[in-house]
**Student:** 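Here you go, one structure.
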There are 2 protein chains.
Amino acid sequence: MSIDRRSGCPINLSLEVFGDRWSLIILRDMIFGGKRHFRELLNGSIEGIASNILADRLKRLMELGLLTKADDPSHKQKAIYSLTEMAITLVPIMAQLGAWGRVWLPVTEELSIRAELLEKGGPPLWEQFMDELRHEHLGAPSKTPPGTPTVRQQLRAAYEAVVARKAEATVD
Amino acid sequence: MSIDRRSGCPINLSLEVFGDRWSLIILRDMIFGGKRHFRELLNGSIEGIASNILADRLKRLMELGLLTKADDPSHKQKAIYSLTEMAITLVPIMAQLGAWGRVWLPVTEELSIRAELLEKGGPPLWEQFMDELRHEHLGAPSKTPPGTPTVRQQLRAAYEAVVARKAEATVD
DNA sequence: TGCAACTGATTGCAAAATGCAATCGGATTG
DNA sequence: CAATCCGATTGCATTTTGCAATCAGTTGCA
């Protein structure tokens, strides 16, 4: 289930990592949704992944070096998954993918608001977000000045603003 | 074979477009390799796609609006495939994918030199390249000043420089 | 005129991946 | 001590993929 090296082209090799239906969805939920546990990923995502596929992909992503697994100290049978630096540096790719999809595909407003925020913020915001992820997942010291709202807070606020506005619009 | 809208998330929808093993490879060969005919794509790529898969993906990419097909006036049964604007704007994604793969995956130098050039050139070079692609595939007037070396020429020159250096190194 | 080579595909078939539902043993909660 | 939650695993039907062979129409050349 590891890489089979169809060719040494970077685009081909990248595709061998997440050129399937689920790997990038799982990483999206971990990066943007903050999901760390099996059940969160299983029930939390809109798309509804099957548990056997999830188990298989988590294993595969660990073998490829994108995730690590550790025991959750608070709960003996709970495992906590962490992003590695390799996975965290996917943020710019996710941002570009989101920006492209927003332009060309029938995205829904609630779900594309995050992509819009990331697009507007540009590389500086991506860097801040990666810094936060390194802090959460790798225990690295955060470089962002205290008091700055986190990117995840901004993402959540933007999402809820859209939902609230939509609810209001249906009342009118 | 069209999009099934598992969810309206931009990343999910993007994955439904090219979250398979071949679609992005075909687009890569058209964008970077300048391939326009069935046989060029079939025999030209390093990875070796099967003809039925190629036919299926070309059809699918046309249905999704990423490619168009036209008769080649010089040859009654030759078809010429063109990139649409939707496909041309994948260049930044390709660049980011290449940059990521170059850092984290066992790429070969000959095949990653293009990714390196695109990374070093940054967004201005991507824009120039997209402009050239619009000229080639959509018949748009080119905005790049005359005399400027095309990006494809630069890509080719960089590739051949690596190959030549490697050949020399084995002689020494 | 004849024929080989080339054009964009199509067909048949085996193997692999996917999706779904049910289930597992251990841990925790009430 | 029963119910629930934990990260998975199993069995099975469906779908997708990969490979080899083949297709009919077109072209170049003798």
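Throughout, a chain's letter reflects where its sequence line sits, starting with A, and its residues are numbered from 1.
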**Student:** To the nearest Å, how far apart are B/His37 NE2 and C/dG8 C1'?
**Tutor:**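 After rounding, the gap between these two atoms is 12 Å.
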**Student:** Without decimals, in angstroms, what is the distance between A/Ile53 CD1 and D/dG7 C1'?
**Tutor:**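 Atom-to-atom, A/Ile53 to D/dG7, this comes out as 16 Å.
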**Student:** For B/Phe38 and D/dG25, what is the distance between atoms CZ and P respectively, to the nearest whole Å?
**Tutor:**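 For the pair B/Phe38 CZ and D/dG25 P, the rounded distance is 18 Å.
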**Student:** Can a salt bridge be assigned to the pair A/Arg102 and A/Glu119 using a cut-off of 4.0 Å between side-chain N and carboxylate O?
**Tutor:**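 Between A/Glu119 and A/Arg102 there is a salt bridge, with a charged N closer than 4.0 Å to a carboxylate O.
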**Student:** Give the rounded distance in Å between these two atoms: CH2 of A/Trp22 and P of C/dT18.
**Tutor:**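 Those two atoms, CH2 and P, are 10 Å apart.
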**Student:** Salt-bridged, B/Asp20 to B/Arg57, with N to O below 4.0 Å?
**Tutor:**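 Judged by the 4.0 Å cut-off on N to carboxylate O distance, B/Asp20 and B/Arg57 do form a salt bridge.
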**Student:** Among C/dA21, D/dT27, C/dG8, which nucleotide sits nearest the side chain of B/Lys78?
**Tutor:**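 Looking only at heavy atoms from C-beta outward on B/Lys78, the closest nucleotide is C/dG8.
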**Student:** Over how many whole Å does the gap from B/Arg21 atom CZ to D/dC19 atom P extend?
**Tutor:**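 Whole-Å distance recorded here is 11 Å.
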**Student:** Starting from P on D/dT16, measure out to CD on B/Glu16 and report it in whole angstrom.
**Tutor:**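 Rounding to the nearest Å, CD of B/Glu16 and P of D/dT16 are 12 Å apart.
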**Student:** Give a yes or no on whether a salt bridge exists between A/Lys166 and A/Glu110, defined as a side-chain N under 4.0 angstrom from a carboxylate O.
**Tutor:**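 Counted as a salt bridge, because a side-chain N and a carboxylate O are separated by less than 4.0 Å.
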**Student:** Quick test of your reading of the model: are B/Glu47 and B/Arg21 salt-bridged, counting only N-O distances below 4.0 Å?
**Tutor:**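 Salt bridge: no.
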**Student:** In terms of side-chain heavy atoms of B/Asn52, which of C/dT11, C/dT7, C/dA21 is nearest?
**Tutor:**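 For B/Asn52, the side-chain atoms sit closest to C/dT11.
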**Student:** Start at the 5' end of DNA chain C and walk down; is the nucleotide closest to A/Lys76 or to B/Asn43 reached first?
**Tutor:**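 It is B/Asn43 whose nearest nucleotide is closer to the 5' end.
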**Student:** Taking only N and O in the side chain of B/Arg39, is any of them less than 4.0 Å away from OP1 or OP2 of C/dC6?
**Tutor:**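 No, B/Arg39 has no side-chain N/O under 4.0 Å of OP1/OP2 on C/dC6.
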**Student:** Just how far, in rounded Å, is P of C/dA9 from CG of B/Leu61?
**Tutor:**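 Those two atoms, CG and P, are 13 Å apart.
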**Student:** If you find the nucleotide of DNA chain C closest to A/Ser51 and the one closest to B/Gln77, which residue's nucleotide is nearer the 5' end?
**Tutor:**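 Comparing both residues, the 5'-ward one is B/Gln77.
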**Student:** Between A/Arg36 and A/Glu40, is the closest basic N to carboxylate O distance under 4.0 Å?
**Tutor:**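 Looking at A/Arg36 together with A/Glu40, the answer is no, because their closest N to O distance does not fall below 4.0 Å.
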**Student:** Using the side-chain heavy atoms of B/Tyr81, tell me which of these nucleotides is nearest: C/dG8, D/dC19, D/dT27.
**Tutor:**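 Nucleotide nearest to B/Tyr81's side chain: C/dG8.
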**Student:** Could you tell me how far apart A/Arg36 (CZ) and D/dC6 (P) are, to the nearest whole angstrom?
**Tutor:**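 Rounded to whole Å, this separation is 16 Å.
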